[in-house]
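The block underneath contains the structure these notes are about, expressed in structure tokens.
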Amino acid sequence: MGYSKSVLTRAAQILRERRASAESKAQQQREAVLKVCPELITIEREMSATGLAAVRAVGDPQHARKTVQALAKRNLELQEERRRLLKSAGFEETCLQPAYTCAKCSDTGYLDGKPCACRRKLLRDLAFQELAAQSPLKLSDFQSFRLDLYDDTPDETGLVPREEMAAILSICKAYADGFSEHADSLFLYGKTGLGKTHLSLAIAAAAIEKGYGVVYGSAPTLLGKLEKERFGRAPDADTESLLADCDLLILDDLGAEYTTGYTKAALYELLNTRLLRGKPTILNSNLTFPELEARYTDRVTSRILGNYTVLHFAGGDMRIRLR
């Protein structure tokens, strides 16, 4: 999964904290139990001794089986003795074991060498939080997309905005439902305030829920970061790799950035790299295709026209109508 470095780092930190907290509490509980049941120390010492003796006995082929069986029997007797001691003092048998958040992987995040379900869920939750901090994600889902705000009469082009947007909403829902790491790329364009960001973020939420890593940002912000890193003003960052490798990249407000020779080249390189790797990208812009070509040259425009599903948003500014 193409999760950001910050999400992966934070997930590892949380898992370490969970494990350390569980083990610290278990140690405190153990100390409290030993004050009430000091005999427990003797029992556990003998259990450790029988375990060590069993290991040593394996090296003696002539007597190994009989010795190991005897030691195993004694170990079971000691376990029962420990259970009765704890019960008589009012403690549960599990009171000495750490209460990990995930009992399956003991809060390591891995089970049998593979990522545990708890780690996958944690990554999704953190990715969602990171995206929400950068965008109005909590306001952006398919259910809250209001078709009633679009005109139901033909506009100057002869199209009915509400009908056009109903079709786009259906396409975006289907795209989100079937999203995969090799889904098509989308180009959403039209005037400001028509719901491009809303539907992009609704798709992002669905992708995160499926466990995919999503990076969302405005073109001015992300291209600006690339430029700073390219010219050494942010040497420790690695935005270029993050944008190229994430499962889904959403580049919002394309065309609003300050355009330079570098940003033009960086945009082309980013879009081309993701296309070559078969990774989906969602571009949102207020620019028409002639305006895009004038700003970025036909190399960028041809990549979009030839490889993206193009959705034209129609109607008047919904934000004005909502106000």
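Since we're looking at a predicted model, the values are computed, not measured. Index from 1, following the sequence.
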Do Ser218 and Asp253 have a side chain donor and acceptor closer than 3.5 Å? no
Linking I/L/V/M/F/W/Y whenever their side-chain heavy atoms sit closer than 4.5 Å, directly or via other members, would Ile168 and Leu159 fall into one cluster? no
Using the ring of Tyr150 (Phe, Tyr or Trp, six-membered ring only), decide whether Arg162 places NZ or CZ under 6.0 Å from its centre and within 45 degrees of its axis. no
Taking all heavy atoms of Met165 and all of Leu194, pick out the closest pair and write down the distance. CE-O, 4.0 Å
Looking only at heavy atoms, the pair that brings Ala314 and Asp155 closest together is CB-OD2, 4.4 Å
Nearest 0.5 Å, what's the CG-CG distance between Leu126 and Leu8? 9.5 Å
Would the number of heavy atoms belonging to other residues, nucleotides or ligands and lying under 6.0 Å from CG of Asp112 be above 12? no
Ignoring hydrogens, what is the shortest heavy-atom contact between Pro280 and Arg274? Give both atom names and the distance. O-NH2, 2.6 Å
Which atom names give the shortest non-hydrogen contact between Leu292 and Ser285, and what distance separates them? CD2-OG, 4.4 Å
Considering all heavy atoms, the nearest Ser200-Ile282 contact: OG-CG2, 3.6 Å
Here the gap from Ile304 atom CD1 to Thr309 atom OG1, rounded to the nearest 0.5 Å, amounts to 12.5 Å
Would you please say whether a donor-acceptor pair under 3.5 Å links the side chains of Tyr308 and Asp184? no
Check: residues 21-30 side-chain donor-acceptor pairs under 3.5 Å, at least two apart:
{"residue": "Glu23", "atom": "OE2", "partner": "Arg19", "partner atom": "NE", "Å": "3.4"}
{"residue": "Glu23", "atom": "OE2", "partner": "Arg19", "partner atom": "NH2", "Å": "3.4"}
{"residue": "Glu23", "atom": "OE2", "partner": "Tyr100", "partner atom": "OH", "Å": "2.8"}
{"residue": "Gln27", "atom": "NE2", "partner": "Glu31", "partner atom": "OE2", "Å": "3.4"}
{"residue": "Arg30", "atom": "NH1", "partner": "Glu44", "partner atom": "OE1", "Å": "2.9"}
{"residue": "Arg30", "atom": "NH1", "partner": "Glu44", "partner atom": "OE2", "Å": "3.2"}
{"residue": "Arg30", "atom": "NH2", "partner": "Glu44", "partner atom": "OE1", "Å": "2.5"}

Is Thr9 reaching over with its side chain to a backbone N or O of Ser6, donor-acceptor style, under 3.5 angstrom? no
To the nearest 0.5 Å, what is the distance between NZ (Lys196) and CG (Leu283)? 12.5 Å
Kindly indicate whether the side chain of Val214, heavy atoms from C-beta on, has any atom under 4.5 Å from the side chain of Asp247. no
Can you check whether Asp252's main-chain N or O pairs, donor with acceptor, with Asn284's side chain at less than 3.5 Å? no
Kindly say whether Thr108 contributes a backbone atom to a donor-acceptor pair with the side chain of Ser106 at under 3.5 angstrom? no
Same apolar cluster (I L V M F W Y, side chains within < 4.5 Å links), Tyr110/Leu122: no
Check for a donor-acceptor pair, side chain of Glu257 on one end and backbone N or O of Gly255 on the other, with a separation under 3.5 Å. yes
About how many Å separate CG of Leu111 and SG of Cys102, when rounded to the nearest 0.5 Å? 7.5 Å
Please answer whether the main-chain N or O of Leu271 pairs with a side-chain N or O of Arg303 as donor and acceptor at a distance below 3.5 Å. no
In this structure, CG of Leu267 is separated from CZ of Arg299 (nearest 0.5 Å) by 10.5 Å
When you check the side-chain N and O atoms of Asp298 and Thr301, is any donor under 3.5 Å from an acceptor? no
Kindly indicate whether the side chain of Lys264, heavy atoms from C-beta on, has any atom under 4.5 Å from the side chain of Thr260. no
Regarding Glu291 and Thr288, is there a side-chain donor-to-acceptor distance under 3.5 Å anywhere? yes
What I'd like to find out is whether the side chain of His198 reaches to under 4.5 Å of the side chain of Ser144, using heavy atoms alone. yes
Would one find more than 12 heavy atoms of other residues, nucleotides or ligands at under 6.0 Å from atom CD of Glu209? no
Looking at Arg277 and Asp245, is any side-chain nitrogen of the basic one under 4.0 Å from a carboxylate oxygen of the acidic one? yes
Can you tell whether the side chains of Arg146 and Asp148 come within less than 4.0 Å, N to carboxylate O? yes
Taking the side chain as C-beta and beyond, is there a heavy-atom pair between Leu169 and Leu199 under 4.5 Å? yes
Nearest 0.5 Å, please: how far is CG in Asn307 from OG1 in Thr281? 10.5 Å
Starting from Val160, can I reach Leu147 by hopping between I/L/V/M/F/W/Y residues whose side chains sit under 4.5 Å apart? no
Pairs involving residues 169-195, ordered by first then second residue, that meet ring pair (Phe, Tyr, Trp, His ring centres under 6.0 Å) (sequence neighbours left out): Tyr175-Phe179, Phe179-Tyr212, Phe187-Tyr189, Phe187-Phe289, Tyr189-Phe289, Tyr189-His312
Decide yes or no for Leu186 and Ile203: does some side-chain heavy atom of the first lie under 4.5 Å from some side-chain heavy atom of the second? yes
Give a yes or no on whether Ile171 and Leu188 share a hydrophobic cluster (residues Ile, Leu, Val, Met, Phe, Trp, Tyr; joining criterion: side-chain heavy atoms under 4.5 Å apart). yes
State whether the side chain of Asp107 and the backbone N or O of Thr101 hold a donor-acceptor pair below 3.5 Å, judged by distance alone. yes
Determine the minimum heavy-atom distance between Gly109 and Leu15, stating which atoms define it. CA-CD1, 3.9 Å
Apply side chain to side chain contact (heavy atoms under 4.5 Å, CB included) to the pair Leu249 and Leu222, showing each step before the final yes or no. CA-CA 11 Å; Leu249 171 64; Leu222 295 182; 4.3 Å; yes
State whether Lys173 and Asp177 are salt-bridged, where the test is any N-O pair (Lys NZ or Arg NE/NH1/NH2 against Asp/Glu carboxylate O) under 4.0 Å. no
Does Asp151 use its side chain to pair, donor to acceptor, with the backbone of Thr153 at less than 3.5 Å? no
Just so I know, are the side chains of Lys225 and Lys228 near enough to count as touching, which here means a heavy-atom distance under 4.5 Å? no
Test side chain to side chain donor-acceptor pair (under 3.5 Å) applied to Thr273 - qualifying residues, sequence neighbours left out: Glu269
So Leu243 and Leu226, side chain to side chain contact (heavy atoms under 4.5 Å, CB included) or not? Walk me through it. CA-CA 10 Å; Leu243 300 185; Leu226 289 176; 4.0 Å; yes
